[in-house]
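Let me begin by presenting the structure, written as C-alpha cells, before commenting on it.
Letters A, B, ... mirror the listed sequences (proteins, then strands); counts begin at 1. No experiment lies behind these values; they were computed from the predicted model shown.
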There are 2 protein chains.
Amino acid sequence: MPRGRRRGSPPTRQTILAAALGRFTNEGYDRASLRDIATDAGVDPSLIIHYFSNKETLFAEALHLPRISEALHRTLEAAGPGSEEELGAHIAQALVGLLEVSTLAPAVTALIRSAASNEDVSRILREFLTRTILRRITASLTAPDPAFRAALVASQVLGVMMARFVLRLEPLASADPGLLARVIAPNLQHYLTGDLGGYNHPERQSAPPWS
Amino acid sequence: MPRGRRRGSPPTRQTILAAALGRFTNEGYDRASLRDIATDAGVDPSLIIHYFSNKETLFAEALHLPRISEALHRTLEAAGPGSEEELGAHIAQALVGLLEVSTLAPAVTALIRSAASNEDVSRILREFLTRTILRRITASLTAPDPAFRAALVASQVLGVMMARFVLRLEPLASADPGLLARVIAPNLQHYLTGDLGGYNHPERQSAPPWS
DNA sequence: GTCTATACGTGGATAGAC
DNA sequence: GTCTATCCACGTATAGAC
C-alpha cells in the first residue's frame with residue numbers, strides 16, 4: 001500500500017468524513033458500518049475504501065485526534081499559568097468549554113463510545129487523557145501523587161461526558177455548560193490540591209477546601 | 001473460565017452463563033459473539049440458542065440485572081437513614097464496595113461497556129442509575145434540584161467505573177477501593193448538599209471565557 | 001473518479017438427525 | 001440434550017468496467 005496515494009476531490013472527501021464522524025459519534029466504531037456511512041454521504045461504499053484505505057484510517061481522519069489534542073492543550077495553556085488554587089476551575093472551564101463550543105464534541109463523544117468496545121481506541125484515549133491532563137497538572141502543582149490526582153480529574157471529566165453525551169442523563173445532559181463547569185470545578189480542585197484521605201479514618205473526612 | 005467441557009456435564013446452563021458474562025464484560029455486547037461464548041463454554045453455539053432464545057435474553061440472564069439492583073438498593077438502605085451530611089460517604093462506600101467486594105463487578109462493567117454502543121442497554125443503565133440513586137437521595141435530602149444532584153453523583157460514579165474497569169487508567173485502576181471511596185466521598189457530598197453555583201440563580205452566573 | 005459486482009469472512013438463528 | 005449442517009444478512013475489502 002503506497003502512502004502517497006492520490007486523494008479524491010475535496011468536496012466528496014469532506015462529505016464522507018462528515019458522515020463518518022456522525023456515525024462514529026452516534027454509534028461508536030463497531031456499529032458504524034461503511035455501508036451506512038456511504039449511504040449518509042450519498043456515495044458508494046467502495047469509494048470510502050478508495051479514499052481511506054481501511055476503516056481505521058477513516059476513523060482516525062474523521063476524529064482528527066491531533067486537532068483535539070492541540071486545541072485542548074492550547075486552551076489549558078491559555079487558562080493561565082501557575083495559579084494552583086484555581087487550577088480546578090481552569091481545567092473545568094477548559095474541558096467543558098472545549099466540548100460545548102467547538103466542533104470537537106462529536107469527536108470526543110465518538111472517542112469515548114468507541115473506547116468502550118475497542119481496545120485500540122481505549123489505549124488512545126487513555127494515553128491522551130494521561131498525557132494532556134497530567135502534563136498540565138505537573139506543570140503547576142506541588143502536591144504529592146500527581147498521577148493519581150490526574151486520573152481522578154480524568155474520571156470526573158469522563159463521567160460527565162459519558163452521562164451527558166452517551167447516556168444522555170437528564171437534567172445533566174441539558175444543563176448549561178458554564179454551570180456545569182462551575183459545579184465540577186471545586187471537585188476537580190479537591191482532587192488536585194485536597195487531602196486524598198490516605199491518612200484518615202473512613203468515617204471522618206477532612207474539611208474540603210470549599211467549605 | 002473452564003474450557004473443553006464435554007458431553008454429559010449437567011450444569012451446562014451455568015457454564016454458558018459464566019462464559020457469556022466473561023465475554024460481555026471484556027468485549028461488550030456487540031463484540032461478544034455467540035460462537036466465542038460457545039467456544040469458551042465448550043459447547044455448540046446452537047446450544048446457547050436452545051437454552052436462551054436469543055442473544056439479548058442471554059445478555060440479560062448473564063448480567064442478572066435485578067440482582068445488581070437489589071444488592072445496590074440493600075447496601076444503600078443499610079448505610080443508614082437520613083444522615084444528610086454523611087450521605088456522600090455512604091453512597092461512595094456503597095457503590096465502590098459493591099463493585100469491589102461482591103461478584104457484581106463484571107456485570108456492571110459489561111453494562112457500562114455495552115451501554116456505550118447499544119441504545120437499549122444505555123436506556124437500561126440510565127433508568128437504573130436514575131431510579132436507584134435518585135430514590136435514595138430524595139429519601140433523605142432537603143436540598144433543591146435533587147434530580148440534578150443525582151445526575152452529578154451518577155456522573156462521578158460512572159467516571160470512576162469507566163476509568164477503573166474500561167479504560168484501566170492507572171494508578172486509579174489499581175487503587176485501593178477503600179481509599180477510592182474516601183477520596184470521592186467529599187465530592188459526592190458536594191454534589192448532594194453543596195452550592196450548585198447558581199443552578200436556580202442565573203443572575204449569579206459569571207460569563208464563561210469561551211462565550 | 002465513480003460505480004457494479006463480487007469475494008470472503010463472520011454472526012445470529014433454524015431444522016433436524018442421533 | 002447435543003451436534004451437524006445450513007441459511008441468511010451483514011461488513012470489510014477487492015477487481016474491474018465505464
Side-chain angles (χ1 to χ4, degrees), chain A residues 1-24 26-63 110 113-114 117-121, chain B residues 2-63 110 113-114 117-121:
Chain A
M1 284 297 179
R3 290 186 76 87
R5 188 152 177 77
R6 285 186 70 87
R7 293 286 161 87
S9 58
T12 307
R13 239 187 99 89
Q14 281 308 115
T15 307
I16 293 176
L17 282 175
L21 181 56
R23 284 284 175 176
F24 286 137
N26 292 324
E27 306 180 0
Y29 182 84
D30 291 330
R31 284 182 113 86
S33 71
L34 295 184
R35 279 181 156 90
D36 290 341
I37 294 171
T39 302
D40 289 352
V43 300
D44 192 87
S46 62
L47 204 59
I48 300 180
I49 303 295
H50 177 244
Y51 284 141
F52 320 90
S53 310
N54 48 49
K55 193 181 181 181
E56 285 192 11
T57 304
L58 174 66
F59 182 75
E61 294 216 25
L63 262 64
R113 264 220 167 84
S114 306
S117 60
N118 191 300
E119 185 53 38
D120 292 332
V121 181
Chain B
R3 292 194 51 145
R5 178 170 274 280
R6 287 296 181 246
R7 65 178 64 195
S9 307
T12 307
R13 235 186 106 92
Q14 291 305 315
T15 308
I16 293 176
L17 282 176
L21 181 56
R23 284 284 176 175
F24 285 138
T25 301
N26 291 323
E27 305 180 1
Y29 183 84
D30 292 329
R31 287 182 110 90
S33 69
L34 294 184
R35 283 178 160 86
D36 289 341
I37 294 172
T39 302
D40 289 352
V43 301
D44 193 88
S46 61
L47 250 191
I48 300 180
I49 303 295
H50 176 247
Y51 282 135
F52 320 89
S53 310
N54 48 48
K55 193 181 182 181
E56 284 192 13
T57 304
L58 174 67
F59 182 76
E61 294 217 26
L63 262 63
R113 264 223 167 82
S114 305
S117 60
N118 191 300
E119 185 53 37
D120 292 332
V121 182

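Toward the 5' end of DNA chain D, the nearer of the two residues B:Leu47 and A:Lys55, judged by each one's closest nucleotide, is B:Leu47.
At least one side-chain nitrogen or oxygen of A:Thr12 sits closer than 4.0 Å to the OP1 or OP2 atom of C:dT2. Remark: A:Tyr51 is not in phosphate contact with C:dG1, judged by side-chain N or O atoms under 4.0 Å from OP1 or OP2.
Checked by atom type and distance alone, the side chain of A:Lys55 never pairs as donor or acceptor with a backbone atom of A:Ser33 at under 3.5 Å.
Here B:Ala38 lies out of heavy-atom contact (under 4.0 Å) with every strand.
With 3.5 Å as the limit, one finds a donor-acceptor pair spanning the side chains of B:Ser117 and B:Asp30. A:Thr39 and A:Asp36 form no side-chain donor-acceptor contact under 3.5 Å, judged by distance and modelled atom types alone.
Rounded to whole Å, atom P of C:dG11 lies 18 Å from atom CD of B:Glu56. A:Ile16 has its CD1 atom 11 Å from the C1' atom of C:dT2, to the nearest Å. Here the P atom of nucleotide D:dG1 and the CD atom of B:Gln14 are 15 Å apart, to the nearest Å. The distance between atom CZ of B:Phe52 and atom C1' of C:dG12, rounded to the nearest whole Å, is 16 Å. We find that CZ of A:Phe59 is positioned 13 Å from P of D:dT12, with the value rounded to whole Å. Spacing between atom CZ of A:Arg35 and atom P of C:dC3 amounts to 15 Å, rounded to whole angstrom units. One interatomic measurement links the two molecules: CD1 of A:Ile48 to C1' of C:dT2, which rounds to 13 Å at whole-angstrom precision. Between A:Leu34 atom CG and D:dA13 atom P the separation is 6 Å, expressed in whole Å.
Counting heavy atoms from C-beta on, the side chains of B:Ile37 and B:Leu58 come closer than 4.5 Å.
Listed candidates were C:dC3, D:dA13, C:dT14. Nearest to the side chain of A:Val43 is C:dC3. Of the candidates D:dT2, C:dC3, D:dT12, D:dT2 carries the atom nearest the B:His50 side chain, counting heavy atoms from C-beta on. Looking at the side chain of A:Ser46, the nearest of the listed nucleotides C:dG12, D:dA15, D:dT4 is D:dA15.
Taking the six-membered ring where tryptophan is involved, the planes of B:Phe24 and B:Phe59 are perpendicular, since the angle between them exceeds 60° and thus also 30°.
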